[in-house]
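Below: one structure, written as structure tokens.
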Amino acid sequence: MKQFVMATLAVLLSFVACAQNKVNLPAPRKDAEMTLYQALQQRASVRDFKTVEVSDQTLSDLLWAAVGVNRNDGRRTAPTAMNTQEIRLYVCRTDGAYEYIAQDNSLVKLSEKDLRKSVAAGQGNIGDAPLFLLIVADLNKYSRPGPSTATFGAVDCGYVSQNICLACQALGLATVPRAMMDQETLKKELGLKEDMELLINHPVGYKK
Ligand SMILES: Cc1cc2nc3c(=O)[nH]c(=O)nc-3n(C[C@H](O)[C@H](O)[C@H](O)COP(=O)(O)O)c2cc1C
């Protein structure tokens, strides 16, 4: 009896721990007043940000545009080679680092640390941005990783990066795609395995 109670308690505690590590985002608003052509006209890299936070609603709208599910068969807003869906998107903000789970529009916490300085890597005032999106190509999703899959990963990352640029413009946010970052620290903190390529980051916030 005692063993049964202990086992039940352990299961309950692991549920509570999982729940604490998960943020259910508000449903994304899949619309914006700005047209695609207005966003294309105005898109420009911004490197100076206000410290004003981005709401979870706006973050949800942005993440959906970046790589969200847009069809009943689970396909995404960004194309991927052979529909491999190898792109993973991470969010680093003041309260920790998360992975975006497109299937249920949630964030799963991976680190309690504020990793924004490691992403900014000392570049100007970029570390003032309230959050960063990190794009990772998980080449393990290809049955045989190799030079061509690395190319596919980089190309697929580019689609997501451009979705982020245009959605930021449409949502009144500012961003710049960046290759510069402290790869070693970020890979360790996010628990990235071999063949998970950290390719581009986007500071996101409001233009100063
Ligand atoms: C692959 C790639 C890597 C980049 N890396 C950085 C970077 O590390 N830091 C930075 O400030 N800008 C970076 N940029 C932004 C470019 O400098 C910027 O897009 C370019 O100057 C053109 O300006 P625009 O985006 O306003 O048109 C990068 C852009 C790309 C596409």
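In this text, all values refer to a predicted model and were calculated from it rather than measured experimentally. In each ligand, atom 1 is the first atom listed, and ligand 1 is the first ligand listed. These numbers come from the heavy atoms of this one structure, side chains and all, not from hydrogens, waters or symmetry mates.
- Within 6.0 Å of atom CZ in R144, 12 or fewer heavy atoms from other residues, nucleotides or ligands are found, so the atom counts as exposed in its surroundings.
- Proximity of a side-chain donor or acceptor of D156 to a complementary backbone N or O of A81 within less than 3.5 Å is detected.
- Looking at R47, R178, Q123, Q162 and measuring to atom 16 (C) of ligand 1, the nearest heavy atom belongs to R47.
- Which of V176, I200, T175 comes nearest to atom 2 (C) of ligand 1 through a heavy atom is settled by distance: it is I200.
- Every pair passing side-chain hydrogen bond (donor to acceptor under 3.5 Å, both in side chains) that includes a residue from residues 124-139 is listed here, sequence neighbours excluded: D48-N125, R88-D138, D138-N140.
- Using a 4.0 Å threshold on non-hydrogen atoms, atom 20 (C) of ligand 1 does not count as touching the protein.
- Atom OH of Y206 sits in a crowded spot, with more than 12 heavy atoms from other residues, nucleotides or ligands closer than 6.0 Å.
- Taking a 6.0 Å sphere around CG of D73, one finds it holds more than 12 heavy atoms contributed by other residues, nucleotides or ligands.
- Among protein heavy atoms, the minimum distance from atom 18 (C) of ligand 1 is reached at S45 OG, 3.7 Å.
- Not close to ligand 1: M181, with no non-hydrogen atom less than 4.0 angstrom away.
- Residue-to-ligand polar distances place A179 within reach of ligand 1: an N/O pair is separated by less than 3.5 Å.
- Rounding to the nearest 0.5 Å gives a distance of 8.5 Å between OG1 of T185 and NZ of K113.
- Counting the atoms of ligand 1 from 1 in the order shown, those under 4.0 Å from a heavy atom of M180 are 8 (O).
- Of all protein heavy atoms, the one lying nearest to atom 31 (C) of ligand 1 is P177 CG, 4.5 Å.
- The shortest contact between atom 27 (O) of ligand 1 and any protein heavy atom is with R43 NH2, 2.7 Å.
- Below 3.5 Å of separation, one finds no N or O of A44 facing any N or O of ligand 1.
- Q103 CD: more than 12 foreign heavy atoms inside a 6.0 Å radius.
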